[in-house]
There are 2 protein chains.
Amino acid sequence: MTSHAPTTQRAAQKQESKNRLLRVASRTLRKLGSTKLSINDVSAQAGLTHGAFYAHFKNKKDLLRQAFHAAFDHRDTWLATASAPTPKQRKAQLIANYLTPEHRDHPENGCAFAACAHDIAKAGAEEKSAFETELKTSLARVEELLSEAKLGAKSREKSENEKAEAINLISTCVGAILLSRAVEDPHFSQSILTAARDISGAPNKGK
Amino acid sequence: MTSHAPTTQRAAQKQESKNRLLRVASRTLRKLGSTKLSINDVSAQAGLTHGAFYAHFKNKKDLLRQAFHAAFDHRDTWLATASAPTPKQRKAQLIANYLTPEHRDHPENGCAFAACAHDIAKAGAEEKSAFETELKTSLARVEELLSEAKLGAKSREKSENEKAEAINLISTCVGAILLSRAVEDPHFSQSILTAARDISGAPNKGK
DNA sequence: AGTTTCATATGATAATTATCATATGAAATA
DNA sequence: TATTTCATATGATAATTATCATATGAAACT
């Protein structure tokens, strides 16, 4: 039996409660940040009282750790949108599907790098290591999508270039979405999103 | 007489106290964020008690507003580092002088866009408007540095391109510095900074 | 059925924090 | 010098919050 297939009814109920707590926490973490995430609120939104919380998590830090991990629920969906035949096209797809108004307006469902980088930067080594692991995972996936195909053993230098390209892609996406969320004028906000999409694949756009 | 030249000794002393409060708050805001900035701590670090605080600021929100504005103290210094003859070189300078280990390790002296975007995104319309104003100011300065010279009236399309280029420059810088602060491994962190610098001016680096 | 287990609830505690009312003592002014 | 002003300090209050001790009631097991 796996941890996802509890035997008794009570265990199943407990697992569901924990799942609800984690889902609420993962969304609240991205929307409000770790400091404004309150165990009272999360528990209440999950349909529990604050006392029940400690039957599921050791403490707030424990919750935050698991909630952060759960916050990568939509990474695969995003990566799957990059389905075009060429690397350049796939890069443009990744950027275009990241820098959307929906993503900007709903951080609770969005990228955990953008939502949590600031929090994690102020946290401890454990949190940074967890962030690093997730970031490396995403980078590896993006690098694949930016590479021509199963690249042979010859192109070592090119792979280095692709590494930097993948990092820059994520840096630009994270920076742009954060800036777009921090301004008031919707048109200006949109122009921040659009700027990255415009330059994405083609440095000399129309020509 | 300006607001910086108080007449009486008491007024001067009060101004100095407010300056200390603002300086401490501006640094704390960038280092810890608005939520973890406590009026007690800021007042104490400025050599005052918490009670004295309210003789200088209406409330915490008022302090945060002024502290955010004060957090752009080093913008001119940064922009002045872009002194090379060509736009491409100046772009590379801006990026290289932003994405440094010192900047990464000392957010309290660094870019307020990177330090506060996350906070402001969760704040109200007033805060977003203030952020927007500062961002537009920086963008205008960067656009100048990225343009060939006093561009004549002819190049309208080019100016649009430069607008997007300036936005992307700041997006990438903000994203990269935030990511570099959120990972544990110093080498990996460095590679995040370096990636943007490498690609900065020259898409085909060494060739 | 009787007993045990345990998921959740209730209630309490301690810490932090923003804010304000009032006190104090020194500078400004008459 | 006497009086007023006011920059700062002291002390109090109310709200929020993390955490834990204990209670409860239903499921699980004998």
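Each chain gets a letter, A, B and so on, in the order the sequences are listed, and its residues count up from 1.
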(message) Please report the distance, rounded to the nearest Å, between CG in A:Leu48 and P in C:dA7.
(response) 12 Å
(message) A cation-pi test, strictly: NZ or CZ of A:Lys18 under 6.0 Å from the centre of the six-membered ring of A:Phe57 and no more than 45 degrees from its axis. Yes or no?
(response) yes
(request) Could you pull out all residues at least two apart from A:Glu134 that satisfy salt bridge (Lys or Arg N to Asp or Glu O under 4.0 Å)? (result) A:Arg75
(message) Tell me which nucleotide, if any, is Watson-Crick or G-U wobble paired with D:dT22 when both distances must be under 3.5 Å.
(response) C:dA9
(message) Angle between ring planes, B:Tyr98 versus B:His103, binned at 30° and 60°: parallel, tilted or perpendicular?
(response) perpendicular
(request) Please state how far atom CD in B:Gln15 lies from atom P in C:dA27, giving the value in whole angstrom units. (result) 19 Å
(request) Round to a whole Å and report the spacing from CG of A:Leu32 to P of D:dT16. (result) 15 Å
(request) Only one of A:Arg30, A:Arg27, A:Lys31, A:Glu102 passes side-chain hydrogen bond (donor to acceptor under 3.5 Å, both in side chains) with A:Asn109; say which it is. (result) A:Arg27
Give me the distances for all protein-to-nucleotides 18-22 of chain D N/O pairs that come in under 3.5 Å?
{"from": "D:dA18", "atom 1": "OP1", "to": "A:Leu37", "atom 2": "O", "distance (Å)": "3.3"}
{"from": "D:dA18", "atom 1": "OP1", "to": "A:Lys60", "atom 2": "NZ", "distance (Å)": "3.0"}
{"from": "D:dA18", "atom 1": "OP2", "to": "A:Ile39", "atom 2": "N", "distance (Å)": "2.9"}
{"from": "D:dT19", "atom 1": "OP2", "to": "A:Tyr54", "atom 2": "OH", "distance (Å)": "3.0"}
{"from": "D:dT19", "atom 1": "OP2", "to": "A:Lys60", "atom 2": "N", "distance (Å)": "3.0"}
{"from": "D:dT19", "atom 1": "O5'", "to": "A:Tyr54", "atom 2": "OH", "distance (Å)": "3.3"}

(message) Counting only heavy atoms from other residues, nucleotides and ligands, does the tally under 6.0 Å from CD of B:Glu126 exceed 12?
(response) no
(request) Give the rounded distance in Å between these two atoms: CZ of B:Phe57 and P of D:dA7. (result) 14 Å
(message) Using a 3.5 Å distance criterion without hydrogens, assess whether the side chain of A:Arg90 forms a donor-acceptor pair with backbone atoms of A:Ala84.
(response) yes
(request) Could you state the atom-to-atom distance from CD of A:Glu16 to P of C:dA7 in whole Å? (result) 13 Å
